[in-house]
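Values in this document were obtained by computation on a predicted structure and should not be read as measured data. Quick note on labels: first sequence line is chain A, next is B, and so on, each numbered from 1.
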2 protein chains.
Amino acid sequence: MNDPENPPDEHNLKPTRRKADRPDEIVQAAMEVFLQVGFARAKVTDIARKAGAAKGTVYLYFTTKDHLFEAVVRRFIGPMLNQMDAYVSNFKGTSRELLSGAILICYEQLADNPTRRAILRIMISEGHRFPGLVEIYHRDVVSAALNTMRRIIDRGVRSGEFRPTAAKDFPQVIVGPVMMSAIWKLTFDNIAPIDISKVAESHLDLLFEGLLA
Amino acid sequence: MNDPENPPDEHNLKPTRRKADRPDEIVQAAMEVFLQVGFARAKVTDIARKAGAAKGTVYLYFTTKDHLFEAVVRRFIGPMLNQMDAYVSNFKGTSRELLSGAILICYEQLADNPTRRAILRIMISEGHRFPGLVEIYHRDVVSAALNTMRRIIDRGVRSGEFRPTAAKDFPQVIVGPVMMSAIWKLTFDNIAPIDISKVAESHLDLLFEGLLA
DNA sequence: TTATATACTGACTTTCGAGTCATTAAAGCG
DNA sequence: CGCTTTAATGACTCGAAAGTCAGTATATAA
């Protein structure tokens, strides 16, 4: 390919695409608009304007509003929880500390972060129209997080720190309050705001110690 | 009223409104359609057809699609958790049993019931456009349920059965897994179905006993 | 039976926004 | 500088669905 006498694929670098980053600008703008008004009420014109372009430009890069939507979701799902695995793998302390940390990361990643919350809302409200996206979200985010939880619980059980409970089979129970917090922020926060860090604290206490005296 | 010589307020009963129950038929039909396709993609014509009427008829009773939507939500929020209070008030057993029962009712009412789940989805996805509805939902459903939880926890703490935890201040933590189950059913159930009764069981075990050995 | 009021209808009007495309502007290149 | 290719534009088309209303059907009253 990089045969010197015969400049390889001459279009590669030279044209210096004036705007190779237009697509991402548009995706970014689209995310903001979807966040504010949801998919159905988002106008392509508005997205374009926010990206500093005209409507036609959007259709230069995305064939359809639906496709643009897909691109947005893929783009923002991607960098979601690489953090977690790294954290878990090289951890040395007790399983309690480990699980606490992991759960706190979940709060940070899902409940605290407006963009991630927006994705969640989108999945819930627009999900049935885009089954492919839901699948990706499930695999890359939900399932991934739950599996991490499972691993940690296993670690704790094997070390004798944790009781062998059914929690391993239903990590949903463990992260349930995180989901609750995210939904709350999305929906009820202007009526009755909650302090996520306090919720998290209470969550961890209850999770480990239980409610009984 | 059947005074022959001077018919009192002649409009009152006589016309025998041929269809006093039309509005409710329409609301019912609207709920079904909203449940299937969401608010934005629901067509008034479809709602009308499903109610066995023509589009014009809908606008005879509801000035706007938005108003119809409001009517639907109000109608279905209403009879949501009267069950709970009755249950709690005349309960005699241990607080653990009481709380277990209350939580199971929550699962039944929110996670198991398709209509209630639909309302939840609507609140999450359409909420910002209808702040009044969210407020009602919060007051009549969410806040009501959380307060019941608080009362039960208090009862348990006073009787010495429960530890005095911060859970009383954040009952969200306690019902979090219920919310998670509802969302799961709404969003991921065809990818990875869950058995709600098993989730509930695991939830209760963990809640009372905690995770630690 | 006729007159009048009420319930209902669905063809029509209007609005709105997704998607197109002829045109313009700019960049690269000899 | 022209010539060509590529990026971008926004006025326009077109379909879809909300909302209207003149007209029809049915019931009650007289």
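Take the nearest nucleotide of DNA chain C for B:Gly56 and for A:Thr63: the residue whose nucleotide is more 5' is B:Gly56.
Note: B:Phe130 and B:Phe69 have tilted aromatic rings, judged against thresholds of 30 and 60 degrees for the angle between ring planes.
Per the geometry, CZ belonging to B:Arg41 stands 13 Å off C1' belonging to C:dA18, to the nearest Å. For the pair A:Leu68 CG and C:dG17 P, the computed distance is 16 Å after rounding to whole Å. One can place OH of A:Tyr59 at 5 Å from C1' of C:dG19, the figure rounded to the nearest angstrom. Rounded to a whole Å, the CZ atom of B:Phe69 is 17 Å from the C1' atom of D:dA18. In this structure, the CD1 atom of B:Ile26 is 11 Å from the C1' atom of C:dA7, given to the nearest Å. The NE2-C1' distance, from B:His67 to D:dA18, rounds to 14 Å in whole Å. Summarising the geometry, the separation between NZ on B:Lys55 and P on D:dT20 is reported as 10 Å, rounded to the nearest angstrom. One can place CG of B:Asp46 at 14 Å from P of C:dG10, the figure rounded to the nearest angstrom.
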Can you check side chain to side chain donor-acceptor pair (under 3.5 Å) on A:Ser197 and A:Asp195, steps first, answer last? CA-CA 6 Å; A:Ser197 65; A:Asp195 179 336; 2.8 Å; yes
Does A:His203 form a ring-ring contact (aromatic ring centres under 6.0 Å, His included) with A:Tyr107? I'd like the steps, not just the answer. CA-CA 11 Å; A:His203 176 190; A:Tyr107 273 104; 5.7 Å; yes
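For A:Tyr61, the listed nucleotide lying nearest its side chain is D:dA8; candidates were D:dA8, D:dG10, D:dA18. Minimum atom distance to the side chain of A:Val44 is reached by C:dA18, of the listed D:dG19, C:dA18, D:dT9. Nearest nucleotide to the B:Leu60 side chain, out of C:dC8, C:dA18, D:dG19: C:dC8.
No hydrogens or angles were tested; on distance alone, nothing pairs the side chain of B:Lys43 with the base of D:dA18 as donor and acceptor under 3.5 Å. For C:dG19, the base has no donor-acceptor partner in the side chain of A:Lys65 [N/O atoms by modelled type, under 3.5 angstrom].
Backbone-only contact: A:Ala42 has heavy atoms under 4.0 Å from sugar-phosphate atoms and none from a base.
Cation-pi geometry between A:Arg22 and A:Tyr61 is not met at under 6.0 angstrom from the ring centre and within 45 degrees of the axis.
Checking the phosphate oxygens (OP1, OP2) of C:dA7, no side-chain nitrogen or oxygen of B:Arg22 falls inside 4.0 Å. Of the side-chain N and O atoms in A:Thr57, none sit less than 4.0 angstrom from OP1 or OP2 of D:dA7.
The number of heavy-atom neighbours closer than 6.0 Å to NZ of A:Lys50, taken from other residues, nucleotides and ligands shown, is above 12.
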